[in-house]
Colleague: 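Starting off with a structure, shown below.
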Amino acid sequence: MGENASFWESLIYAHPTCATWKQEAEGSIYHLASILFVVGFMGGSGFFGLLYVFSLLGLGFLCSSVWAWLDVCAADIFSWNFILFAICFVQFIYVTYQVRSVSFDKEFQELYSALFQPLGISLTVYRKIVLCCDAEVVTLEKEHCYAMQGKTPIDKLSLLVSGRIRVTVDGEFLHYIFPLQFLDSPEWDSLRPTEEGIFQVTLTAETDCRYVAWRRKKLYLLFAKHRFISRLFSILIGSDIAEKLYALNDRVHVGKGFRYDIRLPNFYHVSLPETPPVPPPRRLQRRSPRRLRPVVPNCNSSRKQ
């Protein structure tokens with residue numbers, strides 16, 4: 001303990017204290033370097049945040065090197081600041097190269113700006129998502145079917161980039177799918193990773209459409225490697241399913257200006273004594289939300305709870 005105490009005492013008290021302080025201030029170059037350091041440490045994250053930080057810190061260390069060379073005339077201060085400037089310069093070049101290497105086609109760039117960038121998704125993460133779909137945008141011509149009821153297997157997840165898709169079941173119109181919406185989010189959510197299934201609806205292009213498709217197995221492998229991407233798609237798919245349910249809700253009216261609300265299933269009661277009770281399907285909780293169409297109740301027999 002005595003040796004440790006003597007070490008710290010020698011480290012602190014070995015150097016004489018400043019008896020007199022300089023009356024004149026340092027030159028403008030020193031203060032400019034300090035300002036650059038303060039502003040540089042306010043940078044954010046991501047590629048452009050790194051470019052901001054390394055550029056301002058590099059300029060700050062360069063100004064400190066000039067100050068040490070001209071005003072202080074200290075070789076060690078100049079050397080350390082110049083080395084730090086060189087490190088910042090190399091990092092800036094490296095990040096710039098990474099930004100230039102992460103480039104996408106026009107449609108993928110617009111998709112990133114509209115959907116992923118507002119969520120704070122970096123370009124490196126988005127590149128993994130794009131590579132998973134082979135950076136390919138598929139074209140679906142007008143009146144061609146993306147999926148047919150009872151025939152098309154559920155083996156991918158697709159996101160509409162442009163155009164409009166009509167969703168029908170048994171020839172009855174359900175809702176539309178617009179750009180930046182998933183084509184098969186209910187079907188994706190209705191199956192476990194190891195399960196297989198077929199579409200319960202028909203999806204037809206009303207206009208010439210363009211969409212991005214991720215193969216099911218390949219996307220699950222991406223989820224296993226990157227849990228953040230898995231959580232991201234879970235949020236996007238959940239929000240998309242909610243929008244589709246609300247689209248179905250807007251089509252259901254109970255008469256006299258009232259609208260049936262799928263969020264309040266017990267608000268109206270329907271008495272159907274002639275209809276025997278039907279037990280719920282064994283896997284009702286795993287079925288596609290598209291098939292769970294709300295029944296329009298009879299206003300004459302409905303009452304407020």
Side-chain angles (χ1 to χ4, degrees), residues 1-131 225-229 231-232 235-236:
M1 290 295 293
E3 293 179 357
N4 291 335
S6 61
F7 170 77
W8 288 109
E9 288 177 357
S10 62
L11 184 64
I12 297 174
Y13 300 109
H15 301 282
T17 57
C18 296
T20 58
W21 294 82
K22 293 177 60 176
Q23 298 299 323
E24 66 278 2
E26 295 293 341
S28 59
I29 299 179
Y30 172 80
H31 295 288
L32 177 60
S34 300
I35 293 174
L36 290 173
F37 288 143
V38 172
V39 178
F41 282 115
M42 294 181 180
S45 58
F47 280 120
F48 296 102
L50 291 176
L51 290 176
Y52 175 87
V53 170
F54 286 126
S55 61
L56 291 179
L57 291 184
L59 291 175
F61 287 124
L62 179 61
C63 291
S64 297
S65 301
V66 175
W67 167 75
W69 183 267
L70 298 179
D71 294 346
V72 183
C73 298
D76 54 346
I77 299 177
F78 168 80
S79 300
W80 278 112
N81 281 277
F82 191 81
I83 290 173
L84 293 173
F85 160 73
I87 293 174
C88 290
F89 179 76
V90 172
Q91 288 288 344
F92 181 85
I93 297 299
Y94 175 72
V95 175
T96 303
Y97 171 77
Q98 283 191 316
V99 172
R100 289 179 59 87
S101 63
V102 181
S103 60
F104 307 101
D105 294 337
K106 180 181 178 181
E107 288 174 307
F108 282 106
Q109 187 62 46
E110 293 176 351
L111 179 62
Y112 174 75
S113 301
L115 185 61
F116 292 94
Q117 189 176 21
L119 299 177
I121 306 303
S122 65
L123 288 173
T124 53
V125 174
Y126 182 64
R127 178 170 58 180
K128 294 182 176 67
I129 297 174
V130 172
L131 292 178
K225 294 179 181 178
H226 305 281
R227 301 300 300 172
F228 173 76
I229 298 179
R231 292 191 294 268
L232 170 65
I235 294 173
L236 292 175

Colleague: Please report the shortest heavy-atom distance between C63 and I29, naming the atom on each side.
Modeller: O-CG2, 3.2 Å
Colleague: List the atom of G60, the atom of A33, and the distance in Å for their closest heavy-atom pair.
Modeller: O-CB, 3.4 Å
Colleague: For I77 and A68, work out which heavy atoms get closest and say how close.
Modeller: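 Scanning both residues, the minimum pair turns out to be CG2-CB, 3.5 Å.
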Colleague: Looking at side-chain heavy atoms only, is the closest gap between L236 and L119 below 4.5 Å?
Modeller: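 Contact flag for L236/L119 side chains = yes.
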Colleague: Between F89 and F54, is the ring centre distance below 6.0 Å?
Modeller: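 That pair fails the under 6.0 Å test.
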Colleague: To the nearest 0.5 Å, how far apart are CD1 in I93 and SG in C88?
Modeller: 12.0 Å
Colleague: Carefully, step by step, assess V53 and F41 under the rule side-chain contact (heavy atoms from CB on, under 4.5 Å).
Modeller: CA-CA 6 Å; V53 170; F41 282 115; 5.6 Å; no
Colleague: For the residue pair F85 and L59, establish whether any side-chain heavy-atom pair is separated by less than 4.5 Å.
Modeller: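 No. Closest side-chain heavy atoms not under 4.5 Å.
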Colleague: Kindly compute the distance separating OG (S64) from CG (L32), expressed to the nearest 0.5 Å.
Modeller: 9.0 Å
Colleague: Looking at NZ of K128 and OG of S122, how far apart are the two atoms once the value is rounded to the nearest 0.5 Å?
Modeller: 7.0 Å
Colleague: Taking C-beta and beyond as the side chain, do S65 and W80 meet within less than 4.5 Å on heavy atoms?
Modeller: no
Colleague: Looking at CD1 of I129 and OG1 of T124, how far apart are the two atoms once the value is rounded to the nearest 0.5 Å?
Modeller: 10.0 Å
Colleague: Can you list the steps and then say if L111 with F116 is a side-chain contact (heavy atoms from CB on, under 4.5 Å)?
Modeller: CA-CA 7 Å; L111 179 62; F116 292 94; 4.1 Å; yes
Colleague: side-chain hydrogen bond (donor to acceptor under 3.5 Å, both in side chains) with E26: which residues, sequence neighbours excluded?
Modeller: K22, W67
Colleague: Should the ring pair F78 and F82 be called parallel, tilted or perpendicular, given that the plane angle runs from 0 to 90° and is split at 30 and 60?
Modeller: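 Aromatic pair F78/F82 classed parallel.
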Colleague: In chain order, what residues pass the side-chain contact (heavy atoms from CB on, under 4.5 Å) check against L51, with sequence neighbours excluded?
Modeller: F48, F92, V95, T96, V99
Colleague: For the residue pair F104 and Y126, categorise the inter-ring angle as parallel (less than 30°), tilted (30 to 60°) or perpendicular (more than 60°).
Modeller: perpendicular
Colleague: Report the distance from atom OH of Y112 to atom CG of L123, rounding to the nearest 0.5 Å.
Modeller: 4.0 Å
Colleague: Holding to salt bridge (Lys or Arg N to Asp or Glu O under 4.0 Å), I want the full list of residues that pass it with E110, two or more places apart in sequence or in another chain.
Modeller: none
Colleague: For the CH2 atom of W69 and the OG atom of S79, what is their distance to the nearest 0.5 Å?
Modeller: 8.5 Å
